[in-house]
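This report concerns only the one structure given below.
Counting starts at 1 for both ligands and their atoms, in listed order.
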Amino acid sequence: MMSVRERARKAFQATRALGLPDQEVTPVLEHLLKLFNNNWDLIESEDYRALIDAYFELKENKGEDNRKNVVGDYGESSRLPKRLCLQDSEDQASPIKGSARQILSPEEHGKPSSVNLQQGATFLNKKDSSSSGCSNSCKKPQQQPVTWEKNRPLHIINDITKGTENVKISLVGEIGKQELPKFTYMRDNIIYQDAYVHISLARVADEDCCSGCSGDCLSVSIPCACAHETGGEFAYTTDGQLRDKFLKACISMKQDPEGHDSVYCQDCPLERLKNEYKPEKCKGHLVRKFIKECWRKCGCNMQCGNRVVQRGITCKLQVFWTREGKGWGVKTLQDLPKGTFVCEYVGEILTNTELFERNLKGSGNEKHTYPVTLDADWGSERVLKDEEALCLDATFCGNVARFINHRCFDANLIDIPVEVETPDRHYYHLALFTTRDVRASEELTWDYGIDFNDDEHPIKAFKCCCRSAFCRDVKR
Ligand SMILES: C[S@@+](CC[C@H](N)C(=O)[O-])C[C@H]1O[C@@H](n2cnc3c(N)ncnc32)[C@H](O)[C@@H]1O
């Protein structure tokens, strides 16, 4: 059991990470403790969400000049900050639900009383500059911590994962301002219909696993067969981060694709989609670096250091509404060192043809799109059959990664292919790792690798609002 002193120290550590001065946080903390009957769990839940929101609400209400009177601002009222309106998806147990219900008055609760994340989302993208309201003249080289600006009631879903992940992932929006996302949360990829993904132990050759190992493969002096893919050295360090050299090579490949090897399909599935009868020549696919994780045929245990992605999300993340016209986005609620695994991009596994057919069924006016092509193996010698040219589509079913927005060139995440269950490279996992140290409350982004000038691409590019100094969407 942590002492009060220790708990207070941790609370200040969290607020300091956001740049909030201790002397201003102290009275807010004291007030909330009184309100919550010294229940520290309520202060600590959601990464000190109640404390941080109370602080910002007060600041916004009173303005810079009145900060010194912070204690008096709450007076003896037993109200929660009105921006805190807590909701759960119906089958979730929220740590603050009981207390929130007791404390909030009906008008403070706001309108909606329950949230369902249902199926039935939209699909295709539209180059819609009017709704985004952004232009490339508003560039900033660095991503900034995300905080709430306006004094509006907040809408919080305690856990969008409905208990399927190791950690809860909350969603925060402004009531009445934006529609809640409609999709089914899924922790793992699932085949939609025609995709050929053959997972069988018989397909895993002896040289593709380490049946002779035991315990943790990273703790032995001579790396086992599972390190062959990454040049005889595991991709991970014993701290669970990506090895710097490996990460650097992946980033360099992403940032300078022309300077790296590409392979060309004999009959490119992407070109076939653009023009079935007269496909153009393959434009090339980058030869990607793969991570290979130990799996079921390996002798090591689940805690083996070479099993990171398959153990799932461990970082504290939050879905929030972005202000730049990108829709929902994801931020981290904790500092993340460089090379940290954040999450996998999860969706339905579709063939490219199925994706194309889905596109045709859509209205063409959908604002956001969620497909990612699994083309890291498309350039191998053989011709890919249709059922082997795959993509992940998170439109209807997916995990938190479906909310992560794009940033050109200097994104703080990078996508890396990961082999887990099958050595067949037309199916693999796509994992997102930090490219640098990321501070708590920064928005997480990855470079989707979009060519904003490719007007022929079956999925139209959006108007980019990434604000990177290196934004590639310069034409418009
Ligand atoms: C995978 S989703 C990301 C989550 C999405 N923002 C949402 O609200 O569900 C991709 C879509 O988000 C939007 N988006 C992502 N990054 C963007 C950016 N840099 N600029 C503008 N829109 C962006 C685009 O509409 C894109 O089709």
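Backbone and side-chain nitrogen or oxygen atoms of Thr369 are examined, and one is located within less than 3.5 angstrom of a nitrogen or oxygen of ligand 1. Looking at ligand 1, you won't find any N or O of Tyr345 less than 3.5 Å from one of its N or O atoms.
Ion pairing of Asp335 with Lys316 is absent here, as no side-chain N (NZ or NE/NH1/NH2) approaches a carboxylate O to less than 4.0 Å. A salt bridge is absent between Arg407 and Asp447: the closest approach of a Lys/Arg side-chain nitrogen to an acidic carboxylate oxygen does not fall below 4.0 angstrom. Salt-bridge annotation for Arg49 and Glu44: absent, with no side-chain N of the basic residue lying under 4.0 Å from a carboxylate O of the acidic one. Salt-bridge formation is not detected for the pair Arg425/Glu388: no Lys NZ or Arg NE/NH1/NH2 atom is positioned less than 4.0 Å from an Asp or Glu carboxylate oxygen.
Ligand 1 does not have Pro181 within reach: every non-hydrogen atom of the residue lies 4.0 Å or more from it. By the 4.0 Å heavy-atom criterion, Asp473 is excluded from the residues contacting ligand 1. Ligand 1 lies within reach of Lys463, whose nearest heavy atom is under 4.0 Å from it.
Below 4.0 Å from some heavy atom of Trp328 lie the following atoms of ligand 1, by number and element: 4 (C), 5 (C), 6 (N), 7 (C), 8 (O). Counting atoms of ligand 1 from 1 in the listed order, those under 4.0 Å from a heavy atom of Ile404 are 3 (C). Atoms of ligand 1 lying under 4.0 Å from any heavy atom of His406, numbered from 1 in the order shown and given with element: 15 (C), 16 (N), 18 (C), 19 (N). Within ligand 1, the atoms closer than 4.0 Å to a non-hydrogen atom of Cys464 are 19 (N), 20 (N), numbered from 1 in the order shown. Taking every heavy atom of Cys466 and a limit of under 4.0 angstrom, the matching atoms of ligand 1 come to 19 (N). Distances below 4.0 Å separate heavy atoms of Tyr370 from the following atoms of ligand 1: 1 (C), 2 (S), 7 (C), 9 (O).
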Q: Check step by step if side chain to side chain contact (heavy atoms under 4.5 Å, CB included) holds for Met302 and Gln310.
A: CA-CA 9 Å; Met302 198 54 196; Gln310 62 193 273; 4.0 Å; yes
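Using a 30° and 60° split on the angle between ring planes, Phe433 and Tyr236 fall in the tilted class, from 30° to 60°. Ring-plane geometry between Phe409 and Phe470 is classed as tilted, the angle between the planes lying from 30 to 60 degrees on a 0 to 90 degree scale.
For Lys245, the NZ atom is loosely surrounded, since the number of other residues' heavy atoms within 6.0 Å does not exceed 12.
Ranked by closest heavy atom to atom 25 (O) of ligand 1, the top entry among Gln178, Arg467, His368, Arg402 is His368.
With a 4.0 Å cut-off on non-hydrogen atoms, Lys367 touches ligand 1 through its backbone and not its side chain.
The side-chain tip of Lys331 points at the ring of Phe320 from less than 6.0 angstrom away and within 45° of straight on.
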